[in-house]
Amino acid sequence: MIAFVSGPVAALAPTTAVVEVGGVGMAVQCTPNTLAGLRVGEHARLATSLVVREDSLTLYGFADDDERQVFELLQTASGVGPRLAQAMLGVHSPDALRLAVSTGDEKALTAVPGIGKKGAQKLLLELKDKLGQPLGSSGLVGQQRAVATGPVPWTEQLTAALVGLGYASREAEEAVAAVTPQAEAALAETGSAPVPQLLRAALQTLNRAR
């Protein structure tokens, strides 16, 4: 198993970072949150999880070991593969997921694209004894900390991801403004803005403008 990759970031794409390791470019699938913290040419260290399939080897990358551990635990639930596990971490931080599962917060799980009401109920049952409590504390204080360390507002997340991909701050802000109606509609419907989909829409806006 490849536990982590460390080296300069050679390239960034909407869902992938290429990290140079010993002269080899390792393509790593990452969430928008993780990608937002990377810059081409700068050194990065990503915790990784290698998913082996008959026809592919896919490396998933994370900001830290805790995120990787939650990614792997999520896949112990029936019906959860690596893509859905990554989508869950794209919407919620590890502690926010622990809090959602420990408190039976069905709405938090249905905010993840691909998870419906029945799926959320099933996941809450299967993951209840696997993820544990939010780290650092318990009770109300622990819940407050988990909320405080949840995902950053979608506008900041999206702007940082676009700047990380090489766009100027002004271009990023204009693209964010262009997809705001889509984000607001999603917030009204599910209570969460789907950053991966918004990032793709923002990139399409930028490509049309060029």
Side-chain angles (χ1 to χ4, degrees), residues 1-4 15-16 28-37 46-54 56-154 157 161 186-199:
M1 177 181 173
I2 302 174
F4 70 90
T15 60
T16 309
V28 187
Q29 297 287 318
C30 303
T31 65
N33 281 347
T34 301
L35 290 170
L46 296 173
T48 56
S49 179
L50 180 63
V51 176
V52 180
R53 295 286 185 266
E54 288 185 4
S56 66
L57 296 173
T58 306
L59 199 58
Y60 290 84
F62 309 93
D64 54 41
D65 292 335
D66 182 43
E67 194 171 61
R68 185 208 26 224
Q69 181 181 17
V70 171
F71 171 79
E72 293 173 348
L73 285 172
L74 290 172
Q75 292 176 74
T76 63
S78 59
V80 178
R83 291 189 180 277
L84 183 56
Q86 189 180 50
M88 293 171 76
L89 285 164
V91 174
H92 299 295
S93 69
D95 258 6
L97 281 172
R98 291 188 182 99
L99 178 62
V101 172
S102 64
T103 59
D105 188 352
E106 183 181 306
K107 186 176 180 181
L109 294 187
T110 57
V112 178
I115 298 180
K117 185 175 181 179
K118 289 184 178 179
Q121 292 171 343
K122 187 176 180 182
L123 285 172
L124 289 173
L125 286 173
E126 291 194 32
L127 295 172
K128 187 174 182 181
D129 298 322
K130 296 180 179 180
L131 293 187
Q133 294 294 319
L135 300 180
S137 188
S138 59
L140 182 59
V141 174
Q143 292 180 20
Q144 290 171 339
R145 287 183 180 177
V147 171
T149 57
V152 298
W154 73 269
Q157 216 175 334
L187 283 166
E189 183 176 347
T190 67
S192 176
V195 173
Q197 291 93 321
L198 293 172
L199 180 57

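- A 4.5 Å side-chain heavy-atom check between Leu74 and Leu97 finds at least one atom pair inside the cut-off.
- Atom-to-atom distance recorded for Asp129:CG and Ser102:OG is 11.5 Å, nearest 0.5 angstrom.
- A 4.5 Å side-chain heavy-atom check between Glu67 and Leu89 finds at least one atom pair inside the cut-off.
- Judged purely by atom type and a 3.5 angstrom limit, Gln86 uses its side chain to pair as donor or acceptor with the backbone of Gln29.
- When the side chain to side chain donor-acceptor pair (under 3.5 Å) test is applied to Ser56, no partner is found at least two apart in sequence or on another chain.
- Pairing each heavy atom of Leu127 with each of Ala77, the nearest pair is CD2-CB, 3.9 Å.
- Here the CG atom belonging to Leu123 is positioned 10.0 Å from the NZ atom belonging to Lys130, to the nearest 0.5 angstrom.
- Residues forming a ring pair (Phe, Tyr, Trp, His ring centres under 6.0 Å) with Tyr60 (at least two apart in sequence, or on another chain): Phe71.
- Residues forming a side chain to side chain contact (heavy atoms under 4.5 Å, CB included) with Asp66 (at least two apart in sequence, or on another chain): Asp64, Gln69, Val70, Pro94, Arg98, Leu135.
- Partners of Arg68 by salt bridge (charged side-chain N to carboxylate O under 4.0 Å, His left out), not counting sequence neighbours, listed by chain and number: Asp65.
- With values rounded to the nearest 0.5 angstrom, Gln75 atom CD is found 10.5 Å from Met88 atom CE.
- In this view, Leu50 and Val52, Leu57, Leu59 satisfy the side chain to side chain contact (heavy atoms under 4.5 Å, CB included) rule, not counting sequence neighbours.
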Just distance, no hydrogens or angles: give the donor-acceptor pairs under 3.5 Å from side chains in residues 106-115, sequence neighbours left out.
unit_1: Glu106; atom_1: OE1; unit_2: Gln121; atom_2: NE2; d: 3.3
unit_1: Thr110; atom_1: OG1; unit_2: Glu106; atom_2: O; d: 3.4
unit_1: Thr110; atom_1: OG1; unit_2: Lys107; atom_2: O; d: 3.0

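- Side-chain contact between Leu131 and Leu73: present, with at least one pair of heavy atoms (C-beta onward) separated by less than 4.5 Å.
- Side-chain contact check for Leu46 versus Cys30: some heavy-atom pair is nearer than 4.5 Å.
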